[in-house]
Amino acid sequence: MRKVPANPFQFGRQLGPGELVDRESEVAAVKRALLERGKLFVIGPRRFGKTSIINVAESQAAGEGGVVLRFDAEAFPTPQQLAERVVAEAAKRLAGPAEKVHGWLSTMFRRLRPNGVFNAQDGTWTVSFGVDTSAAKAIPNLVEALDGVDRAAKAKGRPVAVVIDELQALLGAAGVLAEGQLRAAVQTHEAVGYVFAGSDTRYLERLTGDPGAAFFNQGARLFVGAIPDADMLAFLRRAFASAGFAVSEAALLAILDAAERVPYNVQALASECWQRLCAAWTGVWEPANVMESARAVALRSDPLYTQIWAALPPPQKNALIAFVRERGQRLQSERVTHAHRLSSSAMQKALGALQDKQILRSEGVRGVVTLRMQDPFFALWVDSIAP
Ligand SMILES: Nc1ncnc2c1ncn2[C@@H]1O[C@H](COP(=O)(O)OP(=O)(O)OP(=O)(O)O)[C@@H](O)[C@H]1O
Ligand SMILES: [Mg+2]
């Protein structure tokens, strides 16, 4: 086998500086919010690259002296644990020498009566609160923690920002009261920039766009959509050419089509093609080869897809088959509902449930709303198993 450069397709991990295709303006907007005490909502479907954009902006902001406290709400089983981590991160990043932290904590976060324990091995803190930490108090405690960060930021004299990724995991279940409590705090914080990101686009659009919602007009909104074809194609073309692989233009386009332009899926499929090209291939790589690779990638998630599928009630299974076979077109027409054994209203209900389960997502482009698969490879899998 001839020697080829390392696989240039990075998927399944967030990208760092120099690895993003396109996204300059998005990175600049996030960086500005981080350094200039802005308030920004980064909204985009799963795996379109929100976290990667924030990563790069964070490292640029850090290079210019900013301090970014970053949290993934999805990683915390309860909001209380997030509140404690906010204080712990502040202790690590904003407080100064370890021996002064205990005093600093009780000054900045007095109302929480925090108790910090230093872990000398990695220089981190674990913090617990000496106040009521029952579930009902979790959001108020988080608000107190953020108030403390604002006080600490004023004292610090450097740009400080808080990033909360997957905001819906924190607020979605907590209800409108919690949304209002968080808004009331964030609104008054003058020394801290906030970047909130989330992949539940329906929830975030409501939270920030409904005139009656808590975060209406509370910050700028950045919608993370598809990467322009020209940029993505240029990236793919360059990467394959660098190894001397002959990949037709039609095949490059087939990668985007099969992955439905979801950046994660594009990278995953390109990576599969790359590996197959490395293994044996000598001719020109064509769309048929891309499709075979796509089916192979989809099959690799078989255990996961099987579980998702098995948990769907029959009407949702039928609606999903209809969606895949009809490519999302005219799903409520007489012909389609009849062919898939659903009434028009049952179809509508099932499609709604599939959105709630994050299997489908709605996408608005120039005034037209269409349904898309969250994971385009799941569609290939459904197509392969369905009768
Ligand atoms: N600008 C980009 N150029 C090329 N590939 C990208 C880009 N952005 C994201 N990707 C690909 O998509 C993957 C997912 O990106 P990332 O985790 O940033 O998305 P996300 O929107 O935060 O997803 P989630 O909602 O699941 O957290 C990356 O690992 C990478 O493979
Ligand atoms: Mg993310």
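Note that ligands are numbered from 1 as they come in the structure, with each ligand's atoms numbered from 1 the same way.
Taking Thr201 as the reference, nothing meets the side-chain hydrogen bond (donor to acceptor under 3.5 Å, both in side chains) condition, with sequence neighbours excluded.
A salt bridge links Arg46 with Glu74: the distance from a Lys NZ or Arg NE/NH1/NH2 to an Asp or Glu carboxylate oxygen falls below 4.0 Å. Salt bridge status for Glu89 with Arg85: absent, with no side-chain N to carboxylate O gap under 4.0 Å. Between Arg113 and Glu144 there is no salt bridge, since none of the side-chain N atoms of the basic residue sits less than 4.0 Å from a carboxylate O of the acidic one.
Aromatic ring pairs are classed by plane angle as parallel below 30°, tilted from 30° to 60° and perpendicular above 60°; the pair Phe9 and Phe240 is tilted.
Around the Mg ion (ligand 2), protein N, O or S atoms at less than 2.8 Å number 1.
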Using a cut-off of under 3.5 Å, which N/O atoms of ligand 1 pair up with protein N/O atoms, and what distance separates each pair?
residue	atom	partner	partner atom	Å
ligand 1	1 (N)	Val21	N	3.3
ligand 1	1 (N)	Val21	O	3.0
ligand 1	3 (N)	Val21	N	3.0
ligand 1	5 (N)	Gln267	NE2	2.7
ligand 1	12 (O)	Tyr264	N	3.2
ligand 1	18 (O)	Thr51	N	3.4
ligand 1	18 (O)	Ser52	N	2.7
ligand 1	18 (O)	Ser52	OG	2.6
ligand 1	19 (O)	Gly49	N	3.0
ligand 1	21 (O)	Phe48	N	3.3
ligand 1	21 (O)	Gly49	N	2.9
ligand 1	21 (O)	Lys50	N	2.9
ligand 1	21 (O)	Lys50	NZ	2.7
ligand 1	22 (O)	Thr51	N	2.9
ligand 1	22 (O)	Thr51	OG1	2.6
ligand 1	23 (O)	Arg47	N	2.9
ligand 1	25 (O)	Arg46	NH1	3.4
ligand 1	25 (O)	Lys50	NZ	2.9
ligand 1	25 (O)	Glu166	OE2	3.4
ligand 1	26 (O)	Arg46	NH1	2.9
ligand 1	27 (O)	Glu166	OE2	3.1
ligand 1	29 (O)	Gly12	N	3.3
ligand 1	29 (O)	Arg13	N	3.2
ligand 1	29 (O)	Arg13	O	2.3
ligand 1	31 (O)	Gln10	O	2.5

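Applying the ring pair (Phe, Tyr, Trp, His ring centres under 6.0 Å) test to pairs two or more places apart or on separate chains, those with a residue in residues 26-70 are Phe41-Phe196, Phe41-Phe215.
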Worksheet entry | Residue pair Gln60, Glu64: steps toward the side-chain hydrogen bond (donor to acceptor under 3.5 Å, both in side chains) verdict | CA-CA 7 Å; Gln60 291 182 0; Glu64 295 179 28; over 6 Å; no
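Following chains of ILVMFWY side-chain contacts shorter than 4.5 Å, one cannot reach Val176 starting from Phe216, and the two form parts of different hydrophobic clusters. Residue Leu40 is not grouped with residue Leu35 when hydrophobic side chains (ILVMFWY) are merged at heavy-atom distances under 4.5 angstrom, including chains of intermediate members.
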